[in-house]
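Step one of this worksheet: look at the structure below.
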Amino acid sequence: MLRLGVNIDHVATVRNARGTPWPDPLRAALLAEAAGADGITAHLREDRRHISDDDIARLADALSVPLNLEMAATPEMQAIALRHRPHAVCLVPEKREERTTEGGLDVAADAARLADYIAPLRAAGARVSLFIGHDPRQIEAAARIGAAVVELHTGAYCDYDTEGRHDLRDAELAGLAEGARLAASLGLEVHAGHGLTFDTVGPIAAIPELAELNIGHFLIAESIFTGLGPAIEEMRRRMDAARG
């Protein structure tokens, strides 16, 4: 079955806007778990704009499903991951000025450093994932340095769909499908995520090599109108329908 990881970052964004304890990301994570999420994703950024260190500690202690810690490849974040030992660590590029993660890691250009960086994480038992585009060079580099997983960036595909640029959307979808095939052939587990909605998830979920989708912002936004549980259940329904 195609797994669904739910990113709860933007529950913390709303909380931090007022500096109160509410809404609590841990409560959202437990609701997501109860609604059928297979894992919880949280991005601990350098500037702590949403998820906090305390959130990570509480999530690691309370969850029954795996915790996927998204983070930049910095010494500070490596130390935090080694302290909490989450089930999975997903390395992402990070810039202070960005609204959300833009593009994927350039693994090919930074292979030696990343290989050294992920070695202690792997030794600690974390499943290390690299967030990348579908460029074959990046996929091959990820396999070469010992990553267990690649997560393919679906942001451009979703943006083209929103903009009505269907020729570019379809080309991007074909690139993602080809990238997933290549990654699987190299022994990598293949995930995907970024910007997925009810309207865009089907063609991505139908890619047979994918093992997991990670979806956050849309589910949190939809939950304002329907509740988090029903939003997750509907996303799961659409994912399952795409798999036939």
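Note: hydrogens, waters and symmetry copies are ignored here, and every other heavy atom, side chains too, is used.
- Nearest heavy atoms, Ile207 versus Ala180: CG2-CB, 3.8 Å.
- Scanning all heavy atoms of the two residues, the minimum distance from Val65 to Ala37 falls at CG1-O, 3.7 Å.
- Rounded to the nearest 0.5 Å, atoms CE (Met1) and CE (Met239) are 7.5 Å apart.
- Using bins of under 30°, 30° to 60° and over 60° for the plane-to-plane angle, the ring pair His50/His10 lands in the perpendicular bin.
- When the side chains of ILVMFWY residues are joined at heavy-atom separations under 4.5 Å, either directly or via intervening members, Leu30 and Ile56 end up in a single hydrophobic cluster.
- With a 4.5 Å cut-off on side-chain heavy atoms, Asp24 and Arg58 count as touching.
- With hydrogens and angles disregarded, a donor-acceptor distance shorter than 3.5 Å links the side chain of Gln138 to the backbone of Val107.
- No side-chain N or O of Thr41 forms a donor-acceptor pair with one of Asn7 less than 3.5 Å apart.
- A donor-acceptor distance shorter than 3.5 angstrom exists from the side chain of Asp9 to the backbone of His43, with no hydrogens or angles considered.
- With respect to Asp47 and Arg45, no salt bridge is recorded, no charged nitrogen being found less than 4.0 Å from a carboxylate O.
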Going through the checks in order, is the salt bridge (charged side-chain N to carboxylate O under 4.0 Å, His left out) test met by Glu234 and Arg237? CA-CA 5 Å; Glu234 177 62 13; Arg237 186 190 70 77; 2.7 Å; yes

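- Note on Leu182 and Ile204: same hydrophobic cluster, where clusters join Ile, Leu, Val, Met, Phe, Trp and Tyr whose side-chain heavy atoms are under 4.5 Å apart, directly or indirectly.
- No donor-acceptor contact under 3.5 angstrom links the side chains of Thr162 and Asp159, judged on distance only.
- In this structure, CD in Glu212 is found 8.0 Å from OG in Ser129, a value given to the nearest 0.5 Å.
- In this structure, Arg238 contributes its side chain and Phe198 its backbone to a donor-acceptor pair below 3.5 Å.
- Interatomic distance, Ile145 CD1 to Leu114 CG, rounded to the nearest 0.5 Å: 5.0 Å.
- There is no path of hydrophobic side-chain contacts, each under 4.5 Å, that joins Ile132 to Val149.
- At least one donor-acceptor pair closer than 3.5 Å links the side chain of Gln78 to the backbone N or O of Tyr117.
- A salt bridge is defined here as a Lys NZ or Arg NE, NH1 or NH2 lying under 4.0 Å from an Asp or Glu carboxylate O, and Glu151 with Arg127 fails to meet this definition.
- Taking CG from Leu69 and CG from Leu44, the interatomic distance works out to 6.0 Å, rounded to the nearest 0.5 Å.
- Atom-to-atom distance recorded for Leu91:CG and Met77:CE is 11.5 Å, nearest 0.5 angstrom.
- With respect to the salt-bridge test (charged N to carboxylate O, under 4.0 angstrom), the residues Asp38 and Arg236 qualify.
- Neither Leu213 nor Val92 shares a network with the other; the hydrophobic side chains, linked directly or stepwise wherever heavy atoms of I, L, V, M, F, W or Y lie under 4.5 Å apart, form separate groups for each.
- Using a 4.5 Å cut-off between side-chain heavy atoms of Ile, Leu, Val, Met, Phe, Trp and Tyr, with links allowed through other members, Leu196 and Leu168 fall into different hydrophobic clusters.
- Enclosure of atom CZ in Arg27 is not indicated, since only 12 or fewer non-hydrogen atoms of other residues, nucleotides or ligands lie within 6.0 angstrom.
- Proximity of Leu26 to Asp55: side-chain heavy atoms (C-beta onward) are nowhere separated by under 4.5 Å.
- Considering CG of Leu121 and CZ of Arg85, their distance stands at 10.0 Å, rounded to 0.5 Å.
- Within a 6.0 Å sphere centred on CZ of Arg243, heavy atoms belonging to other residues, nucleotides or ligands number more than 12.
- Under the 4.0 Å criterion applied to side-chain N and carboxylate O atoms, Arg181 and Glu178 are assigned as salt-bridge partners.
- Contact detail for Leu67 and Pro86: the closest heavy-atom pair is O-CB, 3.6 Å.
- Summarising the geometry of Thr200 relative to Pro203, their closest heavy-atom pair is O-CD, 3.5 Å, with the distance given to 0.1 Å.
- For the residue pair Ala32 and Leu228, the shortest heavy atom distance occurs at N-CD2, 4.3 Å.
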